[in-house]
Every structure is written in structure tokens, then in C-alpha cells.
Amino acid sequence: MRKLLAGSNAQIDKQVTQLNKLNHRSQDILGIMQLLIVEGGFGVSTFSDIYH
């Protein structure tokens, strides 16, 4: 029974590690997207006044 639990714990740890890596990667991608939007400049200069 202990071997079975140890094996299950190892599998769970492996999956949690993989999910954490994916989570970090997705956070990196979101950060890059935000940077591109800011740097790309969806500026308000295209509107002539506040009433456009």
C-alpha cells in the first residue's frame, strides 16, 4: 500500500510541476502581449477631441 501511495504522490508531483511550468509560460505570454500593446501604441491621438 505504501508503494502505491508513493507512486501516486510521485505522479501527482510530476503533474503539478508540469502545470506550474505551463502557468508560468502563460503568464509570460500575457506579459509580452501587454508589452506589445503598450509599445505598439493604441494611442488616443487618432481621436480629434473627447467627443470623437
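In this chain, residues are counted from 1 in sequence order. Only a predicted model underlies this, so the values are computations on that prediction, with no experimental measurement involved.
- Residue Ile32 forms a side chain to side chain contact (heavy atoms under 4.5 Å, CB included) with just one option from Leu30, Ile29, Leu36, and that option is Leu36.
- Between the CG atom in Leu22 and the OG1 atom in Thr17 there is a gap of 11.0 Å [rounded to 0.5 Å].
- Interatomic distance, Leu4 CG to Met1 CE, rounded to the nearest 0.5 Å: 6.5 Å.
- Gln15 contributes atom CD, which lies 7.0 Å from atom CD of Gln18 (distance to the nearest 0.5 angstrom).
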